[in-house]
There are 2 protein chains.
Amino acid sequence: MTNSKTISTNSSRAEQTRAAILKAAIREFGAHGLSGARIDAIAQAASANKALLYYYFKNKEGLYSAAIESVSAEVVHNALAALDPKYSPGERLLRCALNHFDRILTKHEFQSLLQQEMVRVQRNEHHGETAFFQSTFRPLMERLLSAVEEGVRAGELCKAEPMQVVYAIFGTNVFYFLSAPMVATALGIEPFHPQALEARRRGAVQLWGNALFVDRAHGAKLVQKVLRQMPMPEVKDFQLRRKFA
Amino acid sequence: MTNSKTISTNSSRAEQTRAAILKAAIREFGAHGLSGARIDAIAQAASANKALLYYYFKNKEGLYSAAIESVSAEVVHNALAALDPKYSPGERLLRCALNHFDRILTKHEFQSLLQQEMVRVQRNEHHGETAFFQSTFRPLMERLLSAVEEGVRAGELCKAEPMQVVYAIFGTNVFYFLSAPMVATALGIEPFHPQALEARRRGAVQLWGNALFVDRAHGAKLVQKVLRQMPMPEVKDFQLRRKFA
DNA sequence: TAGTATTAACTAACTGTTTAATTAATGACG
DNA sequence: CGTCATTAATTAAACAGTTAGTTAATACTA
């Protein structure tokens, strides 16, 4: 939709550079925001000439939009997988919470970019990507809300406002990673240590197991099952971020 | 500590302008971040000459630091009030959740600025404000954590990682306001409508009443009491934010 | 060779910061 | 009290560095 150039031929060198630019843009925009990101930095990171960015994506905003759309699509696609109806509604939520945590952990550049976009929309600095957001995020939201409603109806989950549950699950994860560096300096702890991460991941899903289910024992059992089936992914470079930018 | 000029005489015209600059800076930095904020914009909003910002605060970063410190101090001071030991540990947490929600609601420019700072610390772009953060946020954190621990020990609250509870309470509120505009465009709802806000506020504290307490009936009772004693404050200009950059 | 992909050099606008000059406040002192 | 000297507060204008965006020329390739 935003792409000025639709990918016509199959992957030639052109597409490779285009992909490299997009990848570098996700990093740079996520790290510095739209205004803070530097076109030259993106070009250099993609080892492409600056003018190429204008060749493939109309301008800075065009590149930003493309980055957002690319990331959003992949994130939603990923999250939807955790909401498989073959699991009970409660288990779906637990899986979704874990999946969300793991996604932030392994793809923090995605998360940074989405956060940047959230504050940008908050300031009404977005212009007309409404249609894209609707088509992308709406299905995810609907599956989430209906999972809560279904769970409440079936007597598995406590009566609660569905939206509130969604805010709580995602908000806890987002806020953990968002505040972690500040918590680290303020309290002198190390929230990105693999052990701390593992504990937090388990703690989060245990909290929801205890909080949302009518039968807390049943919740705890599901937590154990889900934790067993979804081990924490390898975390590669979280300590490296200190050195980096 | 950061102030190059210590306030010597009592409020003359000089102090007024200094305060005006600081207030404008909080707005501008909160709205656009450190790099996005424009010195000219702050000067104009404070109806002060640009060079005055350099006269009172050494440079852009100095002004930013002053804004952060001012906001942080007030926020922490405000939050500590809700943690009065005369309430039971569980009630303290509920009050803290409500207090936090209300602060974001009434002083969104504070929240914006703190969020900006969080992502800034996340990028390791802070330089040496560590001491300030420690002295300011540590007492709050300690009172929060000890409230959870005390509540668990007394059998009022479910066994849970104290930090996890803190992340959940604050994270839910932060994420609600952070994601609301995006949710609004993505789902076509109006999260800043006073009725929606009231529902969300009640929903949040009800969720915690149901989630954290061993005796859910007791939790629900406390929720009712706290909601009665802490009515939602008047919200003045949340709809105006649409017009306002 | 014709069109696509890529590059290097260039520009116009913007922004944080400084400087030097001007006005207001404060204090000294006859 | 008044007059002057000194400091504090404020202003307008310019500087210096940076950045998004352009252009015109060049390499590649089908």
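So you know, we letter chains A, B, ... as the sequences are listed, proteins then strands, and number each from 1. Hydrogens, waters and symmetry mates play no part in the numbers below; they use all other heavy atoms, side chains included.
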For the pair made of CG in N49(B) and P in dT11(D), what is the distance, rounded to whole Å? 5 Å

Could you check how far NZ of K60(A) sits from C1' of dT18(D), rounded to whole Å? 12 Å

Mind checking whether F177(A) and F101(A) have ring centres under 6.0 Å apart? yes

Can you find a side chain N or O atom of R38(B) that sits less than 4.0 Å from OP1 or OP2 on dG16(C)? yes

Just the rounded figure in Å: distance from C1' of dT17(C) to OH of Y64(B). 20 Å

Keeping the roles fixed (side chain from N173(B), backbone from A97(B)), state whether a donor-acceptor pair exists under 3.5 Å. yes

Result for 5'-nearest mapping on DNA chain D, choosing between A51(A) and I39(A), is I39(A)

Worked verdict on Y176(B) versus Q164(A) for side chain to side chain donor-acceptor pair (under 3.5 Å): CA-CA 9 Å; Y176(B) 175 65; Q164(A) 195 65 41; over 6 Å; no

Without swapping roles, check the side chain of T185(A) against the backbone of M182(A) for a donor-acceptor pair under 3.5 Å. yes

Quiz question: going by heavy-atom distance under 3.5 Å, is there a donor-acceptor pair between the base of dG21(D) and the side chain of K50(A)? yes

Ranking dT6(C), dA12(D), dT23(D) by distance to the side chain of L52(A), first place goes to dT6(C)

Using whole Å, report how far CG of L53(A) lies from P of dT6(C). 12 Å

Between OH of Y55(A) and C1' of dT4(C) the distance, given in whole Å, is 5 Å

What integer distance in Å separates I42(A):CD1 from dG21(D):P? 11 Å

Q44(B) CD to dT15(C) C1', in whole Å, measures 15 Å

Whether Y56(B) contacts dT10(D) is assessed here as follows: a side-chain N or O lying under 4.0 Å from the phosphate OP1 or OP2. Is that the case? yes

Does a nitrogen or oxygen in the side chain of Y54(A) sit under 4.0 Å from OP1 or OP2 of dT23(D)? no

Classify the nucleic acid contact of A37(A) as base, sugar-phosphate or nothing, counting any heavy atom under 4.0 Å across all strands shown. sugar-phosphate

When rounded to whole Å, the CD to C1' distance for the pair Q16(A) and dT6(C) reads 15 Å

Do any side-chain nitrogens or oxygens of N59(A) fall under 4.0 Å of OP1 or OP2 in dA20(D)? no

Kindly say if T17(B) contacts the phosphate of dT10(D), meaning a side-chain N or O under 4.0 Å from OP1 or OP2. yes

Donor-acceptor pair, distance only, cut-off 3.5 Å: does the side chain of T172(B) make one with the backbone of A168(B)? yes

